[in-house]
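Written below as structure tokens is the structure these notes are about.
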There are 2 protein chains.
Amino acid sequence: MAARKKNSTYTRNEAHIIECDLTYAVNKINGRWKILIISKLESGKMRFGEIKKEFPYMTERMLTLQLRAMEQDGLVKRMVYAEVPPRVEYELTEMALAFGPIFKQLSEWGGKYRLP
Amino acid sequence: MAARKKNSTYTRNEAHIIECDLTYAVNKINGRWKILIISKLESGKMRFGEIKKEFPYMTERMLTLQLRAMEQDGLVKRMVYAEVPPRVEYELTEMALAFGPIFKQLSEWGGKYRLP
DNA sequence: TGCGGTACGAACAAACTTGTAAGTAATGGC
DNA sequence: GCCATTACTTACAAGTTTGTTCGTACCGCA
């Protein structure tokens, strides 16, 4: 998400991991924020600023980076309107929407097994 | 998984994230290897060395760290037998087994949406 | 006495992710 | 002309995760 990988074992291991369907999927939504962003966008398209307001503790930079990575990965569609001040809207793709039921189950897991 | 958290925003944000059931769950299985370890252990208890053989590209150190963290998190039971040479077996807890169906769905997601 | 087997532990280093702080562009309103 | 607004960008600096290498303990066996 920063300057992109280099060489050596770290990257080689990542390659192994991406060969597995399971870890491939998880790899798409790794990082601290992507999952949260997806769950916010599940209810429909949102502007950059709207998403930002949902996460007061996330920096703008992080949001930008995550959204860019998600766009690259085909998880969100980015729509730029030629207005001033600028307006940009983000919307989940089908691929990202397909995570919906999975996230629901993960949420249930969390509710059930979280410690007091 | 290394020296444990410090202070400041990074940690503070993690706290926010753990408040959410969804990200709490994901946080339990983050990192590069935990998910793979869980899926291997789904078929029953294994010795340290057996698990190791399943992942020729993972270092012993990583395996140790992950298993330790998972034990702390209540995902695996660790059983040490007082023998020489030592024998240690790992087994999933109910909590970890509950990830089974979720992993299956994630796997299906990966199979369906992975790029050529 | 030296060696092999198992499951680690410790010190150090490289790579990646996340956060901080500031600045940019264009335009309409004052 | 000057300012506010929005969605970023850039340079830099923390902080965390992963990987490398070596070393330990214990017992039986040659």
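Chain naming here is simple, since letters A, B, ... match the order of the sequence lines and numbering starts at 1 in each.
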Completion exercise
From CG of B/L63 across to P of D/dT20 the rounded distance in Å is 15 Å
Handout entry: Any donor-acceptor N/O pair, B/S107 side chain to A/D21 backbone, under 3.5 Å
Key = no
Handout entry: A/K52: partners by salt bridge (Lys or Arg N to Asp or Glu O under 4.0 Å), with sequence neighbours left out
Key = A/E60
Handout entry: A/E71 side chain to A/Y90 side chain, donor-acceptor N/O pair below 3.5 angstrom
Key = no
Exercise for the section: Check whether any side-chain N or O of A/N13 sits under 4.0 Å from OP1 or OP2 of D/dT18, and answer yes or no. Expected result: no
Problem - Partner of A/R32 by side-chain contact (heavy atoms from CB on, under 4.5 Å), out of B/N30, B/I17, B/T23, B/V26 - result: B/I17
Completion exercise
When rounded to whole Å, the CG to C1' distance for the pair A/N30 and D/dT18 reads 14 Å
Problem - Residue pair A/R114 / B/Y24, side-chain donor-acceptor N/O under 3.5 Å - result: no
Practice task
Evaluate the ring planes of A/W33 and A/Y57, with Trp represented by its six-membered ring, and classify them as parallel (under 30°), tilted (30 to 60°) or perpendicular (over 60°).
Solution key: tilted
Handout entry: Between C/dC16 (P) and A/I17 (CD1): distance, integer Å
Key = 14 Å
Practice task
Whole angstrom is fine here: how far is it from CG in B/N27 over to C1' in D/dT17?
Solution key: 13 Å
Practice task
Return the value, rounded to whole Å, for the distance between atom CG of A/L65 and atom P of C/dT18.
Solution key: 9 Å
Exercise for the section: For nucleotides 5-12 of chain D, just jot down a letter per nucleotide in 5' to 3' order: B, S or -, based on protein non-hydrogen atoms under 4.0 Å. Expected result: BBSBBBB-
Exercise for the section: Look at A/T59 and C/dT20 and indicate whether a side-chain polar atom (N or O) is within less than 4.0 Å of OP1 or OP2. Expected result: no
Exercise for the section: Please determine if a side-chain N or O atom of B/Q66 lies less than 4.0 Å away from the OP1 or OP2 oxygen of D/dT18. Expected result: yes
